[in-house]
Protein chains: 2
Amino acid sequence: MTKKDQSEKRVCSVSHRGCVSMVPIFNHLDTLQMEEIMETVQAHSFKRGELIYRAGDTSDVLTIVNKGSLRIYRLSESGKEQLVRVLKPGEFTGELALFNETVHENYAEAMEATSVCQITRASLQKLLIKYPSISLKILQALSSRLDESEQQAAQFSTESTEQRLASYLADLLVEDDQSAIVTLPLTKKDLASYIGTTPETVSRKLKELEEMQLIRRISSSKIEILDEEKLLFL
Amino acid sequence: MTKKDQSEKRVCSVSHRGCVSMVPIFNHLDTLQMEEIMETVQAHSFKRGELIYRAGDTSDVLTIVNKGSLRIYRLSESGKEQLVRVLKPGEFTGELALFNETVHENYAEAMEATSVCQITRASLQKLLIKYPSISLKILQALSSRLDESEQQAAQFSTESTEQRLASYLADLLVEDDQSAIVTLPLTKKDLASYIGTTPETVSRKLKELEEMQLIRRISSSKIEILDEEKLLFL
DNA sequence: TGATTTACTTGATAGATATCAAGTTATTCG
DNA sequence: CGAATAACTTGATATCTATCAAGTAAATCA
């Protein structure tokens with residue numbers, strides 16, 4: 001084994017660690033148990049813009065983000081995109097892989113250079129039998145995700161675009177942080193997709209919120225929240 | 001024990017049975033195991049229009065529909081309703097009860113005389129430890145529910161009201177049934193809430209679909225699908 | 001670092017649908 | 001079974017936002 005091979009193996013092992021020790025569904029296990037899981041995952045790397053999976057692809061692995069981020073989105077018949085969620089390190093997708101082999105309804109795309117780990121359905125099922133507590137963690141994650149999805153659908157149906165944008169901005173404020181400056185984690189284009197509108201409308205609504213003195217735009221990605229309460233009760 | 005007491009106990013026992021033996025998260029267990037679960041559930045009955053829970057109520061029990069049906073909905077700040085889903089016998093709600101005590105974000109209302117069974121978080125946690133396979137069944141149900149919720153959100157965001165109505169009607173067709181006549185399971189008012197529009201708009205769009213000869217209205221709740229393919233590709 | 005590409009902003013316009021009103025139909029209640 | 005209530009349909013109008021275009025700003029690439 002050349003020095004390069006040895007180096008890659010070590011790097012590979014290190015990269016697996018991020019898929020287990022920092023992942024809520026696994027990191028409650030003890031060290032030996034986590035190492036056992038590290039043995040079963042396969043690492044993959046993607047460049048920005050590459051697809052991890054597309055709608056119609058077979059769904060038979062659980063994918064966990066190790067480094068970078070993934071945008072999960074759906075497309076309508078006419079090609080319109082709805083950004084469902086963004087996955088950060090430690091988060092997973094492909095949970096349908098737990099059950100029958102099915103196909104993805106969503107697309108998963110790397111937003112930046114991203115490395116992931118994948119576990120096949122067979123391996124995952126063995127893990128769940130051996131460590132039932134993992135199921136509870138996955139359940140917890142799915143429950144939260146379901147609640148967020150239902151909230152998103154309800155907001156689309158019952159609130160104006162301005163209200164949805166205002167809610168989004170207010171949610172970016174960190175609970176314990178005194179600072180009222182938020183950093184947009186998404187481009188305006190992705191933000192538009194996430195709250196169910198167009199980039200032009202996001203631009204117009206941000207301008208209006210500024211004119212109403214509820215926010216102040218600092219840069220293209222930083223915004224100061226001037227009146228959080230009014231934002232929440234538009 | 002009077003005859004009446006004996007009769008009520010037997011009726012009560014029978015009513016519990018529907019909360020276990022016909023429920024996908026439990027009915028894979030064997031008879032003794034299911035009887036054990038029957039011992040832990042509490043039965044409750046509601047009249048049409050009564051609330052099982054409202055937003056803000058503590059969420060610490062899993063609720064399973066035994067007989068009747070529940071409409072689960074959200075309200076916006078301005079009082080607009082979004083019908084999230086309708087629960088039929090065998091289906092459950094309140095899965096957040098599995099974890100930390102939290103509060104409901106949704107409302108659950110009986111659509112007709114409805115009886116439910118409820119299991120507390122403590123009892124449920126014991127059952128999941130004893131029978132880990134229940135977790136997998138709940139996982140399966142939540143995964144499906146999440147996929148449907150994401151689809152609903154995406155439809156609100158990317159499709160017209162006409163397209164959403166058409167999709168809804170097409171989905172009512174039963175796979176193996178040759179009959180193209182569907183029965184609306186919801187009132188027009190509830191249908192409007194479910195697909196994210198108003199009753200007036202549902203009325204107008206149904207009329208338009210009829211004028212396009214894609215459907216034919218038979219009665220207030222029966223519709224004949226004349227051209228399913230075109231419905232799906234509006 | 002400059003060229004190229006993409007994101008973003010602003011303007012103008014069209015269309016979808018919410019809202020409100022009023023009349024009709026269906027369901028519920030006593 | 002008739003009265004009362006709620007659901008539904010139709011008409012009219014207002015508003016929100018998507019779409020398209022064009023110019024500006026920011027990011028990417030060689």
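Values reported hereafter were calculated over all heavy atoms of this structure, with side chains retained and with hydrogens, waters and symmetry mates removed. The chains referred to below are lettered A, B, ... by the order of the sequence lines, with proteins before strands, and numbering in each begins at 1.
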message: Run B:Thr197 and B:Leu165 through side chain to side chain contact (heavy atoms under 4.5 Å, CB included) and show every step you take.
response: CA-CA 10 Å; B:Thr197 188; B:Leu165 175 60; over 6 Å; no
- request: Nearest 0.5 Å please: distance from the OG atom of A:Ser78 over to the CZ atom of B:Phe233.
  value: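 The OG atom of A:Ser78 sits 12.5 Å away from the CZ atom of B:Phe233.
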field: Distance (rounded to the nearest 0.5 Å) between A:Ser167 OG and A:Glu162 CD
entry: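 Answer rounded to 0.5 Å: 11.0 Å.
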- prompt: Charged N to carboxylate O under 4.0 angstrom, B:Glu91 versus B:Arg85?
  reply: no
message: Whether B:Glu109 and B:Arg71 form a salt bridge (side-chain N of Lys/Arg under 4.0 Å from carboxylate O of Asp/Glu) is what I want to check.
response: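 Salt bridge: yes.
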Within less than 4.0 Å of OP1 or OP2 of [N], is there a side-chain N or O belonging to [X]?
{"X": "A:Ser203", "N": "C:dC8", "answer": "no"}
{"X": "A:Lys205", "N": "D:dC16", "answer": "no"}
{"X": "B:Thr197", "N": "C:dT17", "answer": "no"}

task: Please lay out, stage by stage, how B:Ile119 and B:Ile64 fare under the test side chain to side chain contact (heavy atoms under 4.5 Å, CB included).
output: CA-CA 8 Å; B:Ile119 312 179; B:Ile64 301 164; 4.3 Å; yes
How many Å lie between [atom1] on [X] and [atom2] on [N], as a whole number?
{"X": "B:Ile195", "N": "C:dA18", "atom1": "CD1", "atom2": "C1'", "value": "14 Å"}
{"X": "A:Leu191", "N": "C:dT9", "atom1": "CG", "atom2": "C1'", "value": "15 Å"}
{"X": "B:Glu210", "N": "D:dT9", "atom1": "CD", "atom2": "P", "value": "11 Å"}
{"X": "A:Glu162", "N": "D:dA18", "atom1": "CD", "atom2": "C1'", "value": "17 Å"}
{"X": "B:Leu206", "N": "D:dA7", "atom1": "CG", "atom2": "P", "value": "17 Å"}
{"X": "B:Leu184", "N": "C:dA26", "atom1": "CG", "atom2": "P", "value": "15 Å"}
{"X": "A:Gln82", "N": "D:dA18", "atom1": "CD", "atom2": "P", "value": "12 Å"}
{"X": "B:Lys189", "N": "C:dT28", "atom1": "NZ", "atom2": "C1'", "value": "14 Å"}

- prompt: Could you run down nucleotides 19-30 of chain D 5' to 3' and tag each one B, S or - for protein heavy-atom contact under 4.0 Å?
  reply: BB-------S--
query: Does A:Ala154 offer a backbone N or O that forms a donor-acceptor pair with the side chain of B:Arg74 under 3.5 Å?
result: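 Not confirmed, B:Arg74 side chain does not pair with A:Ala154 backbone.
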task: Go through D:dT17, C:dT17, C:dT9 for me and flag the one nearest to the A:Lys188 side chain.
output: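 In terms of side-chain proximity for A:Lys188, the closest of D:dT17, C:dT17, C:dT9 is C:dT9.
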